[in-house]
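Below you'll find the structure, written out as structure tokens, and then a few comments.
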Amino acid sequence: MALEDIIKPENLVYKKPDIMNDNAMHYCPGCSHGVVHKLIAEVIEEMGLVEDSIGITPVGCAVFAYNYIDIDWEEAAHGRAPALATAIKRLRPNKLVFTYQGDGDLSAIGTAETIHACNRGESIAIIFINNGIYGMTGGQMAPTTLEGIKTATCPYGRDVKLNGYPLKITNLLKELEGTRFVTRQSVHTAAAVRKTKKAIRKAFENCLDGKGGANVVEVVSTCSSGWKMTPAKANKWMEENMFPAYPLGDLRDRDANI
Amino acid sequence: MSEEVKLMKGNEAIAHAAIRCGCDGYFGYPITPQSEVLETLMEVEPWKTTGMVVLQAESEVSAINMVYGGAGCGKKVMTSSSSPGVSLKQEGVSYLAGAELPALIVNVMRGGPGLGTIQPSQADYFQTVKGGGHGDYRLIALAPASVQEMADFVGLGFDLAFKYRNPAIILADGVIGQMMEKVVLPDFQPRMTEEEIAEKCPWAAVGKPKNRERNVITSLELQPDAMEQNNIRFQEKYKTIEENEVRYEEIMCDDAEYLLVAFGSSARICQKAVEIAREQGIKLGLLRPITLWPFPKKALADYANKVKAMLSVELNAGQMVEDVRLAVNGKVPVEHYGRLGGIVYTPDEIVEAVKNKIM
Ligand SMILES: Cc1ncc(C[n+]2csc(CCOP(=O)(O)OP(=O)(O)O)c2C)c(N)n1
Ligand code: SF4
Ligand SMILES: [Mg+2]
């Protein structure tokens with residue numbers, strides 16, 4: 001591919017949106033969180049929603065997302081973001097209300113809040129970073145941790161007899177009548193980044209057209225620190241191991257009868 | 001407005017008062033003996049009139065976090081529950097206090113521990129005034145002793161919560177929640193406009209206009225020195241509240257030789273006990289703390305110079321008595337009389353306790 005083929009506006013991946021401030025990010029090199037932050041900031045800016053967005057941060061590595069994107073935020077207790085989002089959206093129906101949650105936050109401690117907010121069809125967007133591990137607390141097992149994978153709390157590998165099976169929570173959520181758009185994406189290549197951005201935009205648009213329904217964008221992600229891999233190796237490992245368990249694509253799109 | 005007298009349960013009064021106080025949102029989960037709050041709101045459907053949001057959450061955990069979300073975006077929001085449910089709310093209560101959010105919580109207490117009983121109790125005093133959730137925080141705690149006060153304290157609780165950016169709690173019990181009494185509901189007050197929210201809650205996450213920095217509602221501060229400063233600020237606020245917001249009622253205290261100290265439904269029964277004792281020539285008085293925190297420490301310390309002894313009468317195994325003793329600081333004997341597990345004392349039993357324990 002020639003250079004001029006690459007340098008085209010539609011291929012522009014790394015321009016910093018204006019609402020991404022200059023605070024130094026605390027994320028590890030290669031972490032997916034930073035990429036997804038940028039996509040959220042871009043979409044908010046492109047949709048002209050800077051003044052009309054309220055984001056909810058989780059407890060997890062992304063707890064400090066509020067330090068990097070210049071919109072109003074609420075920081076939730078671990079797992080409770082969808083409950084906050086429910087109230088904010090109902091009290092301020094014209095706002096874009098979205099949560100940003102890790103797999104521990106969303107699919108362990110916050111399972112009830114997640115399922116019920118989705119089941120009520122709250123007009124919110126849930127951005128779900130599934131890195132298969134508890135990044136923030138130092139790499140313990142998450143509900144999404146794959147079978148056989150070693151973590152700080154399953155040092156001999158996840159044993160399904162002891163710990164149950166990797167939880168495909170998004171597959172559960174798509175079955176709920178309250179969900180409108182449920183998709184699974186990733187950000188390991190430029191093409192994947194663009195797809196994820198489109199998915200986030202669609203989720204955000206759905207939140208504001210008055211039709212209702214919850215929108216879930218899962219991003220299968222890497223945690224190079226927790227996985228104890230280089231960022232490049234983590235991406236490769238994710239493709240080979242995470243994607244078979246968490247295949248990418250739209251799981252539900254009621255507007256397209258999916 | 002004409003003072004229309006209505007007859008209703010304490011729980012119903014809470015619901016009607018909330019609508020009339022311009023409450024923006026109520027989030028709750030059913031539990032006896034307070035389910036009438038949510039039931040009344042669902043029957044009245046205030047979203048069709050004032051625009052108030054009412055939602056049955058999937059749990060008390062979720063309900064209190066909905067309150068956190070709503071309060072964080074500048075709205076006047078509340079929840080109610082009873083003891084086991086209030087235990088579940090403690091995480092959210094601590095976060096509300098840590099993020100300095102105004103909100104109203106109602107606990108219509110029942111007997112515990114555990115699933116306990118659905119009968120009335122006052123055994124959540126410690127939980128309410130000593131913490132409940134983690135960290136050094138305080139709740140402004142109002143203890144209604146009548147259906148009228150159930151109605152009045154909704155507005156008062158919200159006012160204090162917004163004045164100090166601190167959660168407030170109405171600590172009632174099954175007696176006050178379930179009994180029917182005459183009540184004059186507060187006048188209708190419109191919900192806050194966006195302009196009023198901007199003025200009262202400039203910190204709220206309402207969507208960031210161009211001309212200000214982003215607002216972030218959080219209790220997180222990883223720098224210990226900054227977190228200590230936050231805590232110092234909280235403590236200063238609590239001190240101001242202690243100086244300005246103590247409320248209590250004195251009944252037949254002027255010439256009292258013996259003093260009952262009781263709150264909520266116990267105070268109602270004690271009032272009758274005072275009458276009976278006086279008929280028998282015992283100079284008994286009653287001090288009723290209306291705010292359990294801030295506690296009427298000074299008033300009690302003053303009475304320690306006037307009376308011979310005090311009896312703290314509570315539907316628990318002896319909780320508020322510890323605060324009475326701290327206030328009195330050994331000057332006069334302070335004893336406790338209580339019934340447990342949902343049993344309520346009679347006025348005569350209280351008079352007997354006075355004779356046996358402090359005379
Ligand atoms: C009530 C509560 N329990 C436990 C914790 C500790 N904790 C903080 S983050 C976290 C897990 C985060 O994992 P995840 O949601 O997957 O986010 P990641 O860091 O991987 O992005 C845990 C258990 C907490 N803060 N609060
Ligand atoms: S620990 Fe993992 S999730 Fe957290 S910042 Fe580092 S790479 Fe990202
Ligand atoms: Mg994780």
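Every heavy atom of this structure was used, including side-chain atoms; hydrogens, water molecules and symmetry mates were not. Numbers restart at 1 for each chain; the letters A, B, ... are given by sequence-line order, proteins then strands.
- Residue B:Glu196 qualifies as enclosed at atom CD: its count of foreign heavy atoms under 6.0 Å is above 12.
- Residue contact with chain A, scored on non-hydrogen atoms closer than 4.5 Å, involves the side chain of B:Phe27 exclusively.
- Using a 4.5 Å cut-off between heavy atoms, A:Asn119 makes no contact with chain B at all.
- In this structure, the separation between OG on B:Ser59 and CZ on A:Arg80 is 7.5 Å, given to the nearest 0.5 Å.
- Atom NZ of B:Lys237 has more than 12 neighbouring heavy atoms from other residues, nucleotides or ligands inside a 6.0 Å radius.
- Contacts between A:Ile69 and chain B at a heavy-atom distance below 4.5 Å involve the backbone alone (N, CA, C, O).
- Environment of OH in A:Tyr165: sparse, with no more than 12 heavy atoms of neighbouring residues, nucleotides or ligands closer than 6.0 Å.
- Of the candidates B:Ile217, B:Val216, B:Asn215, B:Asn215 is the only one forming a side chain to side chain contact (heavy atoms under 4.5 Å, CB included) with A:Asp72.
- Of the two parts of A:Leu91, the backbone and the side chain both hold a non-hydrogen atom closer than 4.5 Å to a non-hydrogen atom of chain B.
- Neither the backbone nor the side chain of A:Val97 comes within contact range of chain B, judged by heavy atoms closer than 4.5 Å.
- The choice from B:Ala63, B:Ser62, B:Gly69 that makes the most heavy-atom pairs within less than 4.5 Å of chain A is B:Gly69.
- In plain terms, the two heavy atoms of B:Ala205 and A:Glu74 that are nearest each other are CB-CG, 4.0 Å.
- Looking at A:Glu113 and B:Met66, their side chains never come closer than 4.5 Å, going by heavy atoms from C-beta outward.
- Counting heavy atoms from C-beta outward, A:Lys95 and B:Val206 have side chains that stay 4.5 Å or more apart.
- Heavy atoms of A:Ser53 lying under 4.5 Å from chain B belong exclusively to its backbone.
- Under a cut-off of 6.0 angstrom, the local environment of OH in A:Tyr68 is crowded, with over 12 non-hydrogen atoms contributed by other residues, nucleotides or ligands.
- Using a 4.5 Å cut-off between heavy atoms, B:Ile64 does not touch chain A at all.
- The choice from A:Ala112, A:Gly55, A:Ala77 that makes the most heavy-atom pairs within less than 4.5 Å of chain B is A:Ala77.
- Considering all non-hydrogen atoms of both residues, B:Arg214 and A:Trp73 come closest at CD-CD1, 4.4 Å.
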Carefully, step by step, assess A:Arg120 and B:Glu58 under the rule side-chain contact (heavy atoms from CB on, under 4.5 Å).
CA-CA 10 Å; A:Arg120 285 189 300 262; B:Glu58 64 271 26; 2.8 Å; yes

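- Using a 4.5 Å cut-off between heavy atoms, A:Arg90 touches chain B through backbone and side chain atoms alike.
- Remark: A:Glu51 does not engage B:Lys208 in a salt bridge, criterion side-chain N to carboxylate O under 4.0 Å.
- Of the two parts of B:Leu220, the backbone and the side chain both hold a non-hydrogen atom closer than 4.5 Å to a non-hydrogen atom of chain A.
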